[in-house]
Each structure stands twice: as structure tokens, then as C-alpha cells.
Amino acid sequence: MQLPSLSSLKKELQQKEPKELVELILQLSKLSRDNKTFLYFKLFDSEDATLFVATVKEDLETAFFSANTRNYYAAKKSAQSVRRILNKNLKLTKDPVAKIELIAFFCQKIEELGYLDYRYPVIDNLYALQVGKIEKLLANLHEDLQFDYEELLEKLKEPIR
């Protein structure tokens, strides 16, 4: 079965009645937890980005503190699992400032909790990749906002050097 294009789906959805659309969305939300989370965020939290950022930071912090860091292998796996949580949540927002704050929080926790002390290439690369994402997001921001986050970026770059 070949999947239809987005434009054909859009045309078909425009022809549906509001009641049918609600039913389709509810069915879609029942398929996966990610769909349900996305729907909840778009309906209730999309106006309040600070609440979203605070909630995601709480989730990340919980994941970090429940992580196993006894050896470098377990630390690597834990960091990767926390990054997966981060990436799932980054998909929910298009606000670059919120993305920068979440990625910066992730990097700060990696550094703070001693993940970089292992000097394990996978963890170091994961950290450097996240810092690179922040750089790319900063390039698209207004100059005033760039200036606000430059100091944070420089602090995050220190462990890479």
C-alpha cells in the first residue's frame, strides 16, 4: 500500500464534517502516546511556552536522576535515552527559544551530573551535537535574542575544547 501525499490528505480532510474530524482525531490520539501528547500540547499548552518548557525540564530531570551512571557504558545508554525524551518533546514546539532552552538544559545536566567526566567519545559527540543544534537555532534568531544566548553558548562550548 502506497501512502497518499499530504496534499491529498488535506483535501480529503477539508471535505469532512466537523463531527467526523473530531472522531478521526480521537482515533488518532488513541494510536500512540506521542499523538496524544501532541494533541494535548496543541490544545492546552501551545500559548504558554514557559509552562511547556518547565514541564519538559521536569521530565528530563526525572530521567537524569533515575539514570544509571555506574560505568561509561551505562552512562552512555542513559544519556541516549534522555536525549530521546528530549527529541520527542522538541517535535511538539516550533518556538526556537523554547528549543534552545531545552537543549541547553540537557547539556547543562550532562555536564553537571558528570557524564562528560568519562571522556567516552559517544557521550562527547552527543554533547557536541546538541551544542551544534543550539548554534544553528541561534543563527535564525533576532540579534537581541542571539546576544542573550551567546554567553550560555560559550559556557556550553567549554567542555568540548
Side-chain angles (χ1 to χ4, degrees), residues 1-64 66-67 73 75-110 115 120-150 152-153 156-157 160:
M1 178 181 167
Q2 190 173 3
L3 294 175
S5 67
L6 283 178
S7 62
S8 64
L9 287 174
K10 183 178 176 182
K11 287 177 188 174
E12 191 63 35
L13 286 172
Q14 287 174 340
Q15 295 175 4
K16 297 284 183 188
E17 295 293 320
K19 204 171 192 176
E20 290 177 295
L21 286 175
V22 168
E23 189 60 37
L24 275 172
I25 291 171
L26 288 175
Q27 287 176 356
L28 191 61
S29 70
K30 290 177 185 176
L31 288 178
S32 77
R33 186 179 175 114
D34 293 338
N35 290 345
K36 194 174 192 176
T37 305
F38 179 75
L39 184 61
Y40 178 81
F41 172 71
K42 288 298 180 184
L43 290 175
F44 300 109
D45 291 343
S46 60
E47 284 89 31
D48 193 5
T50 56
L51 177 64
F52 171 71
V53 169
T55 305
V56 174
K57 281 182 179 180
E58 247 179 57
D59 292 345
L60 292 176
E61 198 158 1
T62 303
F64 269 119
S66 67
Y73 179 77
K76 172 192 81 151
K77 289 296 185 187
S78 297
Q80 289 173 330
S81 71
V82 174
R83 187 202 56 206
R84 270 187 239 104
I85 295 169
L86 172 69
N87 287 340
K88 279 184 180 181
N89 286 298
L90 288 178
K91 290 178 187 177
L92 297 178
T93 184
K94 291 184 180 181
D95 181 20
V97 174
K99 287 182 178 185
I100 289 171
E101 287 194 22
L102 291 173
I103 296 171
F105 179 78
F106 174 80
C107 291
Q108 289 167 342
K109 284 296 178 186
I110 288 276
Y115 284 82
Y120 192 64
V122 175
I123 296 173
D124 293 344
N125 290 340
L126 184 140
Y127 182 85
L129 184 69
Q130 299 306 314
V131 171
K133 283 183 183 180
I134 293 174
E135 285 179 327
K136 285 181 183 177
L137 288 168
L138 271 179
N140 298 331
L141 287 181
H142 189 267
E143 292 172 4
D144 294 338
L145 287 172
Q146 282 181 2
F147 182 75
D148 294 342
Y149 287 104
E150 282 296 325
L152 173 66
L153 182 62
L156 294 175
K157 281 185 175 181
I160 298 174

query: Step by step, would you call Tyr115 with Asp124 a side-chain contact (heavy atoms from CB on, under 4.5 Å)?
result: CA-CA 9 Å; Tyr115 284 82; Asp124 293 344; over 6 Å; no

So, taking the atom named [atom1] in [X] and the one named [atom2] in [Y], what distance separates them when rounded to the nearest 0.5 Å?
X	Y	atom1	atom2	value
His142	Asp148	NE2	CG	11.0 Å
Ile100	Leu145	CD1	CG	8.0 Å
Lys16	Glu23	NZ	CD	11.5 Å
Leu6	Leu3	CG	CG	10.0 Å
Phe105	Ile110	CZ	CD1	11.0 Å
Gln14	Leu9	CD	CG	11.0 Å

[atom1] of [X]: more than 12 outside heavy atoms within 6.0 angstrom?
X	atom1	result
Glu17	CD	no
Leu31	CG	yes
Lys133	NZ	yes
Gln27	CD	yes

message: Does Tyr40 form a side-chain contact (heavy atoms from CB on, under 4.5 Å) with Ser29? I'd like the steps, not just the answer.
response: CA-CA 9 Å; Tyr40 178 81; Ser29 70; over 6 Å; no

field: Check against side-chain contact (heavy atoms from CB on, under 4.5 Å), Phe41 and Thr93
entry: CA-CA 9 Å; Phe41 172 71; Thr93 184; 4.2 Å; yes

- request: Determine the minimum heavy-atom distance between Gln146 and Leu138, stating which atoms define it.
  value: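 Gln146 and Leu138 have their closest heavy atoms at NE2-O, 2.8 Å.
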
query: Considering all heavy atoms of both residues, which atom of Leu28 and which atom of Asn35 are nearest to each other, and what is their separation?
result: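 So the minimum-distance heavy-atom pair works out to O-ND2, 3.0 Å.
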
query: Looking at Phe106 versus Phe64, is the centre-to-centre ring distance below 6.0 Å?
result: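 Close enough - the centres of the two rings lie under 6.0 Å apart.
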
Quick check: do [X] and [Y] have side-chain heavy atoms less than 4.5 Å from each other?
X	Y	result
Thr37	Arg33	yes
Leu24	Leu13	yes
Arg83	Asn87	yes
Lys99	Lys94	no
Val131	Cys107	yes
Leu137	Tyr149	no
Leu60	Lys109	no
Gln80	Val122	yes

field: side-chain contact (heavy atoms from CB on, under 4.5 Å) between Val97 and Glu101, intermediate numbers included
entry: CA-CA 6 Å; Val97 174; Glu101 287 194 22; 3.9 Å; yes

message: Tell me whether Thr55 contacts the main-chain N or O of Leu51 through its side chain, where contact means a donor paired with an acceptor under 3.5 Å.
response: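 Side chain of Thr55 to backbone of Leu51: a pair is present.
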
